[in-house]
Amino acid sequence: MSVIERAGLALLHRMDPERAHRIALSALGTGVMPLPGPVSSARLATRLAGLSLPNPVGLAAGFDKNAVALGPLARAGFGWIECGAATPRPQDGNEAPRLWRLSEDRAVINRFGFNNDGAPTIAGRLAARRKGGVPVGLNLGANKDSADRAQDFAAVLTACGPHVDFATVNVSSPNTESLRDLQGSAALAKLLAGVVAARDALEGRPAVFVKIAPDLSDREIEDIAGVAEASGIDGIVATNTTLKRDGLTSADKDRPGGLSGRPLMARSTEVLAKLYRATGGRIPLVGVGGISSAEDAFEKIRAGATAVQLYSALVYDGIGLAARIAEGLDRIAEREGLGSLSDAVGTGV
């Protein structure tokens, strides 16, 4: 980590977490933060559901909810970027405070509730971005007061889909009441059928993923795997945040919302491996949850992930972490004698 990045993090950690996040996002566009630029090699280049990634290290949804910093983020070493979540109409989300750092646990709790500028505004920003470079996608959400949340996902995709390379159906956020009920087999099958129909009506036909929770039983994981394969979507993202609080020591450990960061690593990797076994490697998986090093990312890959995403570790290790993890993965691949990281997918299951 650079001296500038270290000093910036120390300053941000003296602020309210949500205010610090807004400042960090704004600072990306000023040139104050040093950005490493693209990170790639023959070993790192990855194919994910038809997408060409220079490296498999992606930015998870939530950091750039409103697609305001896509240019700088594309120069931060990520191999792919996901913005959002977006909902059909703008909404403020839940009342503050709604974001807590759990520094002792290197974790974060959030209860944002899909706060965003709305699909039409976000679609305009996506349309205006410079094309090329790393793939950019959008996390799809539903308005909390919607009469038909399943339809909301298709509506956001219709509005924004022409301007993205992929979209992720987010039925696993714990911060919108009853949203996780959409992970049930019948509800999920119906929802994904609507999203796939909306995707197939688009000229660009972006890849579609579904993002699931870590708080699922083995039977639910198997059911979701079956529904996902039958639906014609392109991949599964495992996992979102957890409602569990096992083993935490921080004073804010019992705050309401979803927990992310280091404590999620073991459970999210376990779910990922179970999904890989359930799907037999027939559908690409994305590993998310607790990644803060190249070794963590490689563990996800060996558990079945074609690519990975991170977010919470950036709070503690800075925006340059993406490049450091990608470079570390390249060294691991060389050490293991791999021509490509893709050769390691699922080898630990």
Side-chain angles (χ1 to χ4, degrees), residues 13 17-18 21 60-63 85 94 96-114 139 168 170-184 210-225 236-278 285-305 308-317 321 325 348-349:
H13 279 223
E18 190 167 355
H21 178 260
F63 184 84
N94 297 319
R98 55 190 183 179
L99 180 64
W100 296 272
R101 298 185 201 96
L102 280 64
S103 299
E104 295 87 349
D105 300 297
R106 286 183 60 87
V108 172
I109 292 175
N110 91 83
R111 57 180 296 273
F112 280 116
F114 286 163
N139 194 275
T168 302
N170 187 348
V171 290
S172 50
S173 170
N175 298 319
T176 297
E177 187 177 355
S178 301
L179 184 72
R180 286 189 171 190
D181 293 347
L182 294 173
Q183 292 177 117
V210 63
K211 189 171 188 176
I212 68 170
D215 308 325
L216 297 167
S217 68
D218 289 357
R219 177 60 184 272
E220 288 170 325
I221 292 169
E222 291 174 0
D223 287 347
I224 287 173
I236 306 172
V237 181
T239 67
N240 212 320
T241 58
T242 181
L243 290 171
K244 296 183 178 179
R245 299 292 188 266
D246 301 339
L248 300 181
T249 62
S250 300
D252 287 317
K253 64 183 180 180
D254 294 320
R255 297 290 187 177
L259 172 76
S260 58
R262 180 177 286 169
L264 189 55
M265 177 69 187
R267 176 55 185 168
S268 62
T269 307
E270 182 183 3
V271 172
L272 177 66
K274 288 177 178 179
L275 273 175
Y276 187 79
R277 285 192 290 268
L285 305 177
V286 175
V288 193
I291 297 171
S292 60
S293 68
E295 290 74 18
D296 291 341
F298 192 60
E299 184 177 344
K300 298 281 190 189
I301 291 168
R302 293 189 72 246
V308 299
Q309 291 179 321
L310 53 134
Y311 176 5
S312 296
L314 303 178
V315 173
Y316 300 102
D317 295 313
L321 179 64
I325 289 178
V349 177

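Atom set for the values below is all heavy atoms of this structure, side chains included, hydrogens, waters and symmetry mates excluded.
- The main-chain N or O of S250 is found under 3.5 Å from a side-chain atom of D105 such that the two form a donor-acceptor pair.
- Annotation: side chain of V286 is not in contact with side chain of T168 (no heavy-atom distance under 4.5 Å).
- Although no hydrogens or angles enter the test, the distance criterion places no donor-acceptor pair under 3.5 Å between the side chain of N139 and the main chain of A61.
- A pairwise comparison of heavy atoms in V349 and R277 identifies CG1-CG, 3.2 Å as the closest pair.
- Under the rule for a salt bridge (Lys or Arg N to Asp or Glu O under 4.0 Å), the partners of R267 that lie at least two apart in sequence or sit in another chain are E270.
- Residue pairs meeting the salt bridge (Lys or Arg N to Asp or Glu O under 4.0 Å) criterion with at least one partner in residues 212-221, sequence neighbours excluded, are R180-D215, D218-K274, R219-D223.
- Proximity of V108 to Y311: side-chain heavy atoms (C-beta onward) are nowhere separated by under 4.5 Å.
- For S268, the side-chain hydrogen bond (donor to acceptor under 3.5 Å, both in side chains) partners are K300, not counting sequence neighbours.
- Put simply, the side chain of S172 gets close to the backbone of K211: a donor and an acceptor are under 3.5 Å apart.
- Annotation for A297 and V308: closest pair O-CG1, 4.0 Å, computed over non-hydrogen atoms.
- Checked against side-chain hydrogen bond (donor to acceptor under 3.5 Å, both in side chains), K253 has no partners two or more places apart in sequence or in another chain.
- Of all non-hydrogen atoms in I236 and A225, the two that sit nearest each other are CD1-CA, 4.3 Å.
- For the side chain to side chain contact (heavy atoms under 4.5 Å, CB included) test with I212, the passing option among I224, N240, L272 is I224; the others fail.
- S312 meets the side-chain hydrogen bond (donor to acceptor under 3.5 Å, both in side chains) test with S260; sequence neighbours excluded.
- Contact check for T239 versus L216: no side-chain heavy atoms found under the 4.5 Å cut-off.
- Scored by the side-chain contact (heavy atoms from CB on, under 4.5 Å) test, A313 finds S292, D317, L321 as partners (sequence neighbours excluded).
- In this structure D181 satisfies the side-chain contact (heavy atoms from CB on, under 4.5 Å) test together with S178, sequence neighbours excluded.
- The two residues P263 and L259 come nearest to each other via the heavy atoms CB-CD2, 4.1 Å.
- Evaluation of the ring pair (Phe, Tyr, Trp, His ring centres under 6.0 Å) rule for Y316 yields H13 as partners, not counting sequence neighbours.
- Listed by chain and residue number, F153, V169, L182, Q183, L188, L191, V210 satisfy the side-chain contact (heavy atoms from CB on, under 4.5 Å) test with V171 (two or more places apart in sequence, or in another chain).
- Looking at residues two or more places apart in sequence or on another chain, you find no side-chain hydrogen bond (donor to acceptor under 3.5 Å, both in side chains) involving R262.
- Rounded to the nearest 0.5 Å, atoms CG (N110) and CZ (R98) are 9.5 Å apart.
- Sorted by first and then second residue, the salt bridge (Lys or Arg N to Asp or Glu O under 4.0 Å) pairs involving residues 237-250 (not counting sequence neighbours) form an empty list.
- In this structure, H21 and F63 have perpendicular ring planes: the angle between them is above 60°, well past the 30° mark.
- Residues meeting the ring pair (Phe, Tyr, Trp, His ring centres under 6.0 Å) test with F112, sequence neighbours left out: none.
- Smallest separation of non-hydrogen atoms from I325 and A294: O-CB, 3.6 Å.
- Of all non-hydrogen atoms in L243 and P174, the two that sit nearest each other are CD2-CB, 3.6 Å.
- Residues I109 and D252 form no side-chain contact, since every pair of their non-hydrogen atoms from C-beta on lies 4.5 Å or further apart.
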